[in-house]
> 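Quick one: the structure is below, questions incoming.
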Amino acid sequence: DAKTTQPTSMDCAEGRAANLPCNHSTISGNEYVYWYRQIHSQGPQYIIHGLKNNETNEMASLIITEDRKSSTLILPHATLRDTAVYYCIGGAGKSTFGDGTTLTVKP
Amino acid sequence: NAGVTQTPKFQVLKTGQSMTLQCAQDMNHEYMSWYRQDPGMGLRLIHYSVGAGITDQGEVPNGYNVSRSTTEDFPLRLLSAAPSQTSVYFCASSYRYALGEQYFGPGTRLTVT
C-alpha cells in the first residue's frame with residue numbers, strides 16, 4: 001500500500017465546500033485511492049474511492065490528479081455533522097490509516 | 001444484514017488476564033482485519049485474513065493471536081493483557097483483499113489495569 005500524507009487539521013465554514021488534500025506519490029498504477037471518515041470514536045465509515053477518473057457519489061467528490069500523486073476530497077456543502085477525522089488510503093490491501101485530517105466545520 | 005458486529009463493547013482486564021474479542025460479518029466477505037486505535041492516533045493494523053484458514057500479521061501483532069475457521073468469524077485473542085494494550089479495537093471486512101471498501105464494526109473499548 002502507498003504511504004499517504006495529509007494535513008493535520010482544517011477548518012471549514014458551514015455551508016461552504018470543504019476541500020481535503022492528500023498526497024500519495026508512491027501509489028502504484030493499479031491501486032485505488034480510498035477515503036474514510038471517523039466521527040467521534042465510531043468505526044471509520046467509507047466515503048468514496050477512485051483510480052484515475054474523478055468520482056462523485058451522494059456524500060462527496062474525489063478529484064485525482066493526472067499523475068495520480070495526489071487527490072482532493074470535496075464535501076460540497078459542509079454541515080456540522082461533517083466534523084470528523086478524514087483518512088486517505090492508498091490501496092485496499094493491508095491498509096495503513098495514518099493520523100488523517102481533523103476537519104472542524106464551524107457555524 | 002447486520003454488517004460487522006463486535007462483542008463486547010467494553011471490557012476491563014487486569015494485567016496478565018487473557019480474553020477473546022469477537023468479530024463477525026454476514027456479508028460473505030473474504031477479507032477481515034483487526035485494528036487498534038490509541039487515543040488521538042490513527043488505526044494500526046494488528047492481524048488480517050484473506051480467507052478462511054489464512055491469517056497474517058499486520059504492523060503491531062505482538063501480544064495478539066487470531067484464527068479464521070469460518071468466513072464469518074475472526075476472533076482476536078489477547079494472550080496476557082498488558083496496560084499498553086489499552087485501546088479501542090476495530091474489526092473490519094471487505095469483499096476481497098485489495099479490492100473494495102472496508103466495513104468497520106463499532107469497536108471494543110478495552111482497558112487493562
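All of these numbers come straight from a predicted model, not from anything done at the bench. Only heavy atoms go into these numbers, but all of them, side chains included; no hydrogens, no water, no symmetry mates.
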> Crowded around Arg16(A) CZ? As in, over 12 foreign heavy atoms under 6.0 Å?
no

> Please report the shortest heavy-atom distance between Gln38(A) and Leu43(B), naming the atom on each side.
OE1-CD1, 4.0 Å

> Could you check whether any side-chain heavy atom of Ile48(A) comes within less than 4.5 Å of a side-chain heavy atom of Glu101(B), counting everything from C-beta outward?
no

> Sort Ser41(A) into side chain, backbone, both or neither according to what part of it lies under 4.5 angstrom from a heavy atom of chain B.
both

> Indicate, with yes or no, if Tyr31(B) and Leu76(B) share a hydrophobic cluster defined by side-chain heavy-atom contacts under 4.5 Å among Ile, Leu, Val, Met, Phe, Trp and Tyr.
no

> Please indicate whether Tyr46(A) has more than 12 foreign heavy atoms, meaning atoms of other residues, nucleotides or ligands, lying under 6.0 Å from its OH.
yes

> Are Ile64(A) and Ile47(A) linked, directly or through intermediate hydrophobic residues, by side-chain heavy-atom contacts shorter than 4.5 Å (ILVMFWY only)?
yes

> What pair of heavy atoms forms the shortest contact from Tyr87(A) to Gln37(B), and how long is it?
OH-NE2, 3.3 Å

> Need one label for Arg109(B): side chain, backbone, both or neither, based on atoms under 4.5 Å from any heavy atom in chain A.
side chain

> Should Ile89(A) and Leu51(A) be counted in the same cluster of Ile, Leu, Val, Met, Phe, Trp and Tyr side chains packed under 4.5 Å apart?
yes

> Please rank Gly40(B), Ala92(B), Ser33(B), Gly42(B) by heavy-atom pairs under 4.5 Å with chain A and give me the top one.
Gly42(B)

> Test of understanding: clusters of I, L, V, M, F, W, Y form through side-chain heavy atoms closer than 4.5 Å, transitively. Do Leu75(A) and Met59(A) belong to the same one?
yes

> Please confirm whether Phe97(A) and Tyr35(B) have ring centers closer than 6.0 angstrom.
yes

> So do Phe104(B) and Tyr36(A) actually touch side chain to side chain, heavy atoms under 4.5 Å?
yes

